[in-house]
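Please read all numbers here as calculations on a predicted model, not as lab measurements.
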Amino acid sequence: MATTTSTTTLWAVSDLHAAVKANGARLDEIQPADPSDWLIVAGDVAEKLELVVDVMETLAARFDTVLWVPGNHELFSRSSDRYRGREKYDTLVKAMRQIGVITPEDTYPVFGGVTIAPLFTLYDYSFRGPNLTVEEAVAAAREKNIMMTDEFAIAPFVDIRAWCWDRLAYTTRRLSRIDGPTILINHWPLVQEPVTRLRWSEVGLWCGTRHTRSWAKRYHARAVIYGHLHMPGVTTVDGVEHIEVSLGYPREWQSRPPSAAPVQWPYPVMEVTH
């Protein structure tokens, strides 16, 4: 008697920027190959809380399991907004849980024997030039008119460095309890190598923290999934693939024809046959 097999795939995307009209059709491409498939969404879905929830609810209806980590755009706020800073993140986590999406605050799920760990680490301006204080590095970037929106839409409402260090301590405690292989998911890259390829090095100030550099090896990562830089591709560090799965803005993805794309999108991170 012949037996049939099926494959469950763990897919990954990031930087959907759903508020951009031209990205809407690309969201329709995020479909499972099998009803059992899982999906990682590695941040920057949108800025407005309601739109983030709407997009994630749509994706949660398509896939068996969906995991989400916040990017900087989810944290953007105005002074008139009801939720800002840490409170906005807490509100997003609550909303994700209500629609069945796994967040960095939930129990890490296991896919094919591998622990899938959604993380939220922020940045602490430590991807900066040598012999510069944080204040000096930010001032130098300001002089060159290279300032990320984070400085106006996140920083006024929370101490970013303190929040980052809180998240680092919280996350290392959780990761240290895992036995066996992992796949780590974060919006910001965990290593600096991809950041060094940015056109303007000053942008690196808002792109992660040096304190996560050893995590992939320390926590037995088979792969690291991230976004933020809008430079999809694979960077191998200490034998571990760090894979950026960003969509980005139309001017970016329209300049990359599918045949020339550096990685498949959505990206198939792992498959399990059963």
Q: Taking the six-membered ring for Trp and the full ring for Phe, Tyr or His, determine whether the centres of His230 and His17 are under 6.0 Å apart.
A: yes
Q: If I take atom OG1 from residue Thr182 and atom OH from residue Tyr219, how far apart are they, to the nearest 0.5 angstrom?
A: 10.0 Å
Q: Can you check whether Ile146's main-chain N or O pairs, donor with acceptor, with Glu202's side chain at less than 3.5 Å?
A: no
Q: Donor-acceptor pairs under 3.5 angstrom involving side-chain atoms of residues 91-99: please list them, not counting sequence neighbours.
A:
{"residue": "Thr91", "atom": "OG1", "partner": "Glu87", "partner atom": "O", "Å": "2.8"}
{"residue": "Arg97", "atom": "NE", "partner": "Asp106", "partner atom": "OD1", "Å": "2.7"}
{"residue": "Arg97", "atom": "NH2", "partner": "Glu105", "partner atom": "O", "Å": "3.3"}
{"residue": "Arg97", "atom": "NH2", "partner": "Asp106", "partner atom": "OD1", "Å": "2.9"}

Q: Looking at Phe111 versus Trp38, is the centre-to-centre ring distance below 6.0 Å?
A: yes
Q: How long is the span from the OH atom in Tyr267 to the OG atom in Ser246, to the nearest 0.5 Å?
A: 13.5 Å
Q: With clusters defined by side-chain heavy atoms of hydrophobic residues (ILVMFWY) lying less than 4.5 Å apart, directly or transitively, does Val41 cluster with Val263?
A: no
Q: Just jot down the ring pair (Phe, Tyr, Trp, His ring centres under 6.0 Å) partners of Tyr108, sequence neighbours excluded, or say none.
A: none
Q: For a quick test of reading the model, state the closest non-hydrogen atom pair linking His187 to Pro70 and the distance between them.
A: CB-O, 3.3 Å
Q: Which pairs would a plain distance check flag for residues 235-243, meaning a side-chain donor or acceptor within less than 3.5 Å of a matching protein atom at least two apart in sequence or in another chain?
A:
{"residue": "Thr235", "atom": "OG1", "partner": "Arg197", "partner atom": "NH2", "Å": "2.8"}

Q: Supply the atom-to-atom distance Thr115 OG1 to Ile183 CD1, rounded to the nearest 0.5 angstrom.
A: 9.5 Å
Q: Asp54: which residues meet the salt bridge (charged side-chain N to carboxylate O under 4.0 Å, His left out) condition with it, sequence neighbours left out?
A: none
Q: For Arg167 and Thr121, which heavy atoms make the closest approach, and how far apart are they?
A: CB-CA, 4.1 Å
Q: Residues two or more places apart in sequence or in another chain: which of them pass ring pair (Phe, Tyr, Trp, His ring centres under 6.0 Å) with Phe127?
A: none
Q: Which hydrophobic side chains are connected to Tyr249, either touching it within the sub-4.5 Å cutoff or through other members that do?
A: Val20
Q: Going by salt bridge (charged side-chain N to carboxylate O under 4.0 Å, His left out), name the residues that satisfy it together with Asp28, two or more places apart in sequence or in a different chain.
A: Arg62
Q: Looking only at non-hydrogen atoms, find the nearest pair between Ile102 and Thr65 and report the distance.
A: CD1-CG2, 3.7 Å
Q: For Arg26, which residues count as a salt bridge (charged side-chain N to carboxylate O under 4.0 Å, His left out) partner, sequence neighbours excluded?
A: Glu29
Q: Give me the atom names and distance for the closest heavy-atom approach of Ser79 to Arg84.
A: O-NH1, 3.0 Å
Q: Which side-chain N or O atoms in residues 149-156 pair as donor and acceptor under 3.5 Å with protein atoms at least two apart or in another chain?
A:
{"residue": "Asp150", "atom": "OD1", "partner": "Asn72", "partner atom": "ND2", "Å": "3.1"}
{"residue": "Asp150", "atom": "OD2", "partner": "Tyr123", "partner atom": "OH", "Å": "3.1"}
{"residue": "Glu151", "atom": "OE2", "partner": "Tyr125", "partner atom": "OH", "Å": "2.5"}
{"residue": "Glu151", "atom": "OE2", "partner": "Trp206", "partner atom": "NE1", "Å": "2.9"}

Q: After noting the C-alpha distance and the side-chain angles of Asp124 and Thr209, does the key distance pass the side chain to side chain donor-acceptor pair (under 3.5 Å) rule?
A: CA-CA 6 Å; Asp124 61 358; Thr209 168; 3.0 Å; yes
Q: Mind checking what makes side-chain hydrogen bond (donor to acceptor under 3.5 Å, both in side chains) contact with Trp215, not counting sequence neighbours?
A: none
Q: Please report the closest heavy-atom contact between Pro189 and Gly227, naming both atoms and the distance.
A: CD-O, 4.3 Å
Q: Which value, rounded to the nearest 0.5 Å, describes the distance between Trp188 atom CH2 and Cys164 atom SG?
A: 9.0 Å
Q: The criterion is salt bridge (charged side-chain N to carboxylate O under 4.0 Å, His left out); which residues satisfy it with Arg218, sequence neighbours excluded?
A: none
Q: If you measure from CG on Leu190 to CD1 on Ile185, what distance do you get to the nearest 0.5 Å?
A: 11.0 Å
Q: Determine the minimum heavy-atom distance between Ser126 and Gly208, stating which atoms define it.
A: OG-O, 4.2 Å
Q: Going by salt bridge (charged side-chain N to carboxylate O under 4.0 Å, His left out), name the pairs with one or both residues in residues 264-274, residues two or more places apart or in two chains.
A: none
Q: Take Glu193 and Arg213 through the salt bridge (Lys or Arg N to Asp or Glu O under 4.0 Å) test and state the conclusion after the steps.
A: CA-CA 10 Å; Glu193 278 81 348; Arg213 178 169 184 83; 2.7 Å; yes
Q: Does the salt bridge (Lys or Arg N to Asp or Glu O under 4.0 Å) test come out yes or no for Asp166 and Arg161, once each step is laid out?
A: CA-CA 9 Å; Asp166 286 348; Arg161 281 183 284 173; over 6 Å; no
Q: Indicate yes or no for a side-chain donor-acceptor contact from Asp81 to the backbone of Tyr83 under 3.5 Å, with no hydrogens or angles considered.
A: no
Q: Are the aromatic rings of Trp163 and Phe157 close, with centres under 6.0 Å apart?
A: no
